[in-house]
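So you know, we letter chains A, B, ... as the sequences are listed, proteins then strands, and number each from 1.
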Amino acid sequence: MENTQKPNIPEVFLKPYDPSQHETNIYKLWEESGYFNPDNLPGERDETFTIVMPPPNANGSLHAGHGLVITLEDTMIRFERMRGKKALWIPGADHAGFETQVVYEKKLQKEGRSRFQMESDDLYKEIMDFTLSNKSFMEGQIRELGASCDWSRSLFTLDDSVIKTVHATFAQLEKDELLYRGARIVNWCPKHQTSLSNLEVNYDERTEPFYYFQYGPFIIGTSRPETKFGDKYVVMHPDDKRYDDYQHGQTIELEWINGPITATIIKDEAGDPEMGSGAMTITPWHSGVDFDISKRHDLDYEQIIDWRGKLLPIAEEFEGMNIKEARAKIVEKLDKKGLLVKVDEKYDHSVPCCYKCNREIEPQIREQWFVKMRPLADKAIEAVDAGEVKFVTNRDERVFRDWMSKIEDWNISRQIVWGIPIPAKVCSECGHGQVDLDNKITTCEKCSGKMEQDPDTFDTWFSSGQWPLATTGYPDSDDFKEYYPTSVMETGKDIIFFWVSRMIMLGLYRTGKAPFKKVYLNGMVRDKKGLKMSKSKGNVISPSEIQERFGTDALRMGLLVNNAPGSDMNLDPDKVNAYKKFANKVWNITRFSLDSLSDFDYTDSLNENDKENIAEKLNPAVKEITDHMTKDRFDIASEKLYQFVWDYFASELIEESKPLLDSEDASVKASRQALLAEYLTTSLKMLHPFMPFVTETIWQELPEELKDDDILMIAKWPTVK
RNA sequence: GCGCGAUUAGCUCAGUUGGUAGAGCAGCUCGUUUACACCGAGAAGGUCGGGAGUUCAAAUCUCUCAUCGCGCACCA
């Protein structure tokens with residue numbers, strides 16, 4: 001502190017770099033500069049560079065994965081801003097429908113309450129309060145990560161303008177006959193009392209008993225005897241010779257669970273002769289495949305299991321029983337009746353489960369809104385074919401194409417309150433549904449029955465699928481004209497289907513243009529041991545914890561260096577610590593340089609020797625690092641930068657400069673001073689997108705002569721000289 | 001069942017169009033009162049999962065096997 005030998009450098013450099021002392025002030029400096037908003041950026045900026053931030057779920061705090069997303073996008077934005085583009089990064093927050101409702105339900109449960117005992121308006125209001133308070137907390141965290149996004153354009157997924165966009169798309173889909181309401185098999189979660197999209201279902205590997213029963217003259221197999229009450233069709237392949245004596249449509253009398261029934265023979269290609277006896281009975285209400293068969297032959301179907309997972313009156317003595325409990329009892333009864341042929345105890349299959357609570361999904365028939373995906377998907381594939389949308393990794397493109405090629409219709413109705421209400425009426429008589437944006441329809445156009453408001457809300461992803469439209473103010477705003485299509489969509493690879501592909505489809509559908517030109521999908525951030533972070537495992541590494549220990553810049557580098565696009569990474573605090581040391585290294589490089597420049601007059605130019613150094617060392621480094629960045633290889637760019645700054649600038653250049661700075665020859669000394677100045681400013685600029693806080697902190701301390709702008713954030717990216 | 005990815009130094013990972021391997025961390029040896037111990041110098045450490053093939057040359061291309069992870073589909 002009282003180092004009287006160093007009067008010529010700012011005092012702050014006499015101590016190691018302490019991130020906690022500077023970060024808040026530096027962020028404030030940036031935010032107050034107004035430069036997060038591209039409208040305020042200086043100079044002629046013809047080219048735009050836009051990223052729409054994946055809006056984090058406003059139902060908790062940020063995890064390391066968010067840290068990676070924010071860091072990558074901020075690095076891209078800062079790089080392009082320094083390169084003179086009109087850089088816009090639009091932040092937002094997601095109400096995250098079902099996700100948030102599940103989080104809130106857990107909270108209610110702890111308090112001994114339940115959403116099923118609440119008025120939906122009250123529930124909605126409570127979740128809104130909860131979400132908004134989380135939202136502001138979360139926005140604070142995004143700031144702490146250094147995000148240079150334009151807060152003035154921030155949007156929440158339940159804002160009126162968003163809802164308006166979503167409603168308009170819904171209506172347009174109806175007009176274009178891409179929307180229908182139909183009774184179809186949906187994935188029903190008996191705990192959460194809502195249907196789920198196919199993507200929200202996980203498959204659990206299980207080994208369970210498999211039962212064979214005598215069904216009249218046939219032997220049928222099943223792992224779910226509790227669904228079999230209503231089975232009155234027996235299906236076999238038309239070419240199966242064993243059943244040549246039976247004709248399609250023929251009926252037979254047989255003894256079944258609760259007495260004699262009449263069964264009908266159905267010949268259908270879905271019957272697999274290789275499987276068991278080749279004959280099966282079907283339960284159309286509770287199985288997708290069976291439902292398809294029954295549709296083909298116009299068969300009856302009846303609900304066996306209610307919405308809570310209990311047996312209906314058709315089960316007679318088993319009515320009201322939970323299906324798990326009923327299974328054993330039904331088998332027992334059939335055994336007593338001599339209809340149990342055999343049991344295969346070890347049957348391996350996978351069972352659909354709710355991705356949130358892991359309870360078994362009960363397929364049910366329900367009237368829902370569906371979007372026809374095939375035409376939308378074809379357009380999306382065309383856009384990728386035409387190079388209108390590019391994926392940073394080939395693998396992601398293949399995964400995308402694969403899914404798009406076999407896409408199924410999308411159930412967008414959810415039976416939860418926390419979401420955007422579906423602007424439609426449903427007939428209380430015939431179930432006919434009609435889109436009604438203006439809330440005017442009262443009578444059914446089909447049966448003249450009374451039309452009532454559809455109580456359902458949209459699947460969150462239906463609205464987030466339109467996020468690039470909503471954030472840019474489609475269709476009329478100036479932002480839409482200027483910034484759509486956006487430059488890059490950067491997000492986690494786990495939501496390529498949920499989100500990325502739907503944005504492409506819906507963006508193309510509404511505007512004719514894909515919403516972004518490039519897709520950068522980052523891998524997952526795992527813990528040190530490579531395990532997925534989850535609250536239940538207790539291995540969640542919170543970004544703020546790491547930031548407190550090592551500083552934000554160190555966290556950012558730890559997330560970026562050597563983390564190739566799309567590959568998962570394990571976040572090791574030791575790695576982050578290495579970059580904390582690096583930040584201090586940069587700090588001390590500055591200390592040395594400023595000390596060496598204390599008597600420099602900033603007019604002297606380089607001698608031949610030092611010009612040669614620029615050509616041979618500095619220029620190639622600038623070129624190499626810039627090239628990697630333009631190719632989205634921030635993992636390599638940051639690594640090279642680290643090596644350039646530490647191994648060359650600090651270890652070699654500074655060391656070899658020491659004797660030259662002491663040279664008797666004033667011109668040798670002055671040239672070396674000019675060279676150091678060049679290296680210092682160039683290094684700070686290149687480091688800035690990766691380590692914005694320490695570099696800006698330093699920049700603010702530099703003499704005016706060294707700077708081409710007061711704020712490093714908008715200084716010019718170095719070019720080869 | 002179909003597909004995708006991974007397998008490189010003790011650990012975590014890079015390695016762009018094929019030219020006999022790199023970084024960080026950890027560990028080892030030595031060193032330090034003026035940029036920095038959040039440091040410096042040095043050494044050590046890998047038959048690039050196994051096998052086969054193409055090639056003058058393979059971590060890199062082809063095939064195959066193994067282990068792990070993921071996605072999709074099916075599940076009578």
Side-chain angles (χ1 to χ4, degrees), chain A residues 3 5-6 9 13-18 198-199 203 205-206 208 210-213 215 218-224 227-228 231 234-236 270-272 274-283 287-290 347-352 393-396 398-399 402-403 405-408 493-494 496-497 523-524 526 528-532 550-551 554 557-558 561-564 566-596 627-628 631 633 635-636 638-640 642-643 646-647 650-651 654-655 657-658:
Chain A
N3 193 337
Q5 284 175 296
K6 301 273 183 291
I9 58 168
F13 289 110
L14 299 180
K15 282 185 178 172
Y17 174 60
D18 179 4
N198 292 344
L199 288 174
Y203 288 86
E205 294 292 335
R206 298 215 183 142
E208 292 179 324
F210 190 79
Y211 307 93
Y212 291 92
F213 300 117
Y215 187 81
F218 309 105
I219 291 172
I220 57 147
T222 185
S223 62
R224 299 199 60 191
T227 65
K228 295 286 156 196
D231 288 13
V234 54
V235 179
M236 58 209 65
D272 181 358
E274 303 293 309
M275 192 88 176
S277 66
M280 64 174 174
T281 60
I282 56 169
T283 314
S287 153
V289 176
D290 295 0
Y347 172 64
D348 295 320
H349 65 153
S350 45
V351 178
T393 66
N394 292 332
R395 189 206 39 183
D396 293 327
R398 277 199 296 270
V399 170
D402 185 51
W403 191 64
S405 70
K406 46 191 179 196
I407 197 161
E408 290 179 18
K493 69 175 182 188
D494 55 332
I496 181 171
F497 302 136
M524 303 292 100
R526 301 175 185 283
K528 193 180 168 177
K529 291 174 188 156
L531 298 170
K532 199 166 185 173
F550 307 109
M557 285 292 275
V561 178
N562 277 352
N563 181 11
S567 59
D568 294 347
M569 74 161 321
N570 300 350
L571 184 59
D572 182 350
D574 285 341
K575 185 181 172 191
V576 179
N577 190 40
Y579 299 108
K580 180 190 176 188
K581 292 179 181 177
F582 182 55
N584 195 54
K585 192 70 179 178
V586 176
W587 191 252
N588 278 300
I589 287 171
T590 310
R591 173 178 169 169
F592 176 86
S593 303
L594 290 186
D595 188 29
S596 307
D627 283 351
H628 284 302
K631 289 177 192 154
R633 293 307 301 262
D635 55 322
I636 300 176
S638 52
E639 168 77 7
K640 297 284 179 194
Y642 177 93
Q643 286 169 16
W646 196 313
D647 298 341
S651 298
I654 285 186
E655 291 309 319
S657 295
K658 284 176 181 173

> Measure the acute angle between the ring planes of A:F210 and A:Y212, then classify it against the limits of 30° and 60° as parallel, tilted or perpendicular.
perpendicular
> State whether A:R591 and A:D595 are salt-bridged, where the test is any N-O pair (Lys NZ or Arg NE/NH1/NH2 against Asp/Glu carboxylate O) under 4.0 Å.
no
> Check this for me: A:K575, atom NZ, are more than 12 non-hydrogen atoms of other residues, nucleotides or ligands nearer than 6.0 Å?
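Counting other residues, nucleotides and ligands, NZ of A:K575 exceeds 12 neighbours.
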> Report the residues that fulfil salt bridge (charged side-chain N to carboxylate O under 4.0 Å, His left out) with A:R224, sequence neighbours left out, ordered by chain and then residue number.
A:E226, A:E362
> For B:rU34 versus B:rG50, give the span between their P atoms, rounded off to a whole number of Å.
49 Å
> Name the orientation class of the two ring planes belonging to A:Y579 and A:Y642 (parallel below 30°, tilted from 30 to 60°, perpendicular beyond 60°).
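Taking A:Y642 first and then A:Y579, their aromatic rings stand perpendicular (interplane angle over 60°).
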> Strictly under 3.5 Å: I want the nitrogen or oxygen pairs between protein and nucleotides 5-10 of chain B, one per line.
| from | atom 1 | to | atom 2 | distance (Å) |
| --- | --- | --- | --- | --- |
| B:rG5 | OP1 | A:R398 | NH2 | 2.8 |

> Would you mind classifying the nucleic acid contact of A:I589 as base, sugar-phosphate or nothing, using non-hydrogen atoms under 4.0 angstrom?
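Base, at least one base heavy atom under 4.0 Å.
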> Is it the case that the base of B:rC38 and the side chain of A:K580 share a donor-acceptor contact (distance under 3.5 Å, atom types as modelled)?
no
> A:K658 near the nucleic acid: base, sugar-phosphate alone, or nothing, with a heavy-atom cut-off under 4.0 Å?
base
> To the nearest Å, give me how far apart OH (A:Y642) and C1' (B:rG24) are.
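Computing the A:Y642:OH to B:rG24:C1' distance gives 6 Å.
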> Report which part of the nucleic acid A:R224 touches: base, sugar-phosphate, or nothing (heavy-atom distance under 4.0 Å, all strands).
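Nothing, no heavy atom under 4.0 Å.
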> For A:K575, which contact category applies under a 4.0 Å heavy-atom criterion: base, sugar-phosphate, or nothing?
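Counting heavy atoms under 4.0 Å across all strands, no contact is made by A:K575.
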> Counting any heavy atom closer than 4.0 Å, what does A:A270 reach on the DNA or RNA strands: base, sugar-phosphate only, or nothing?
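Base, at least one base heavy atom under 4.0 Å.
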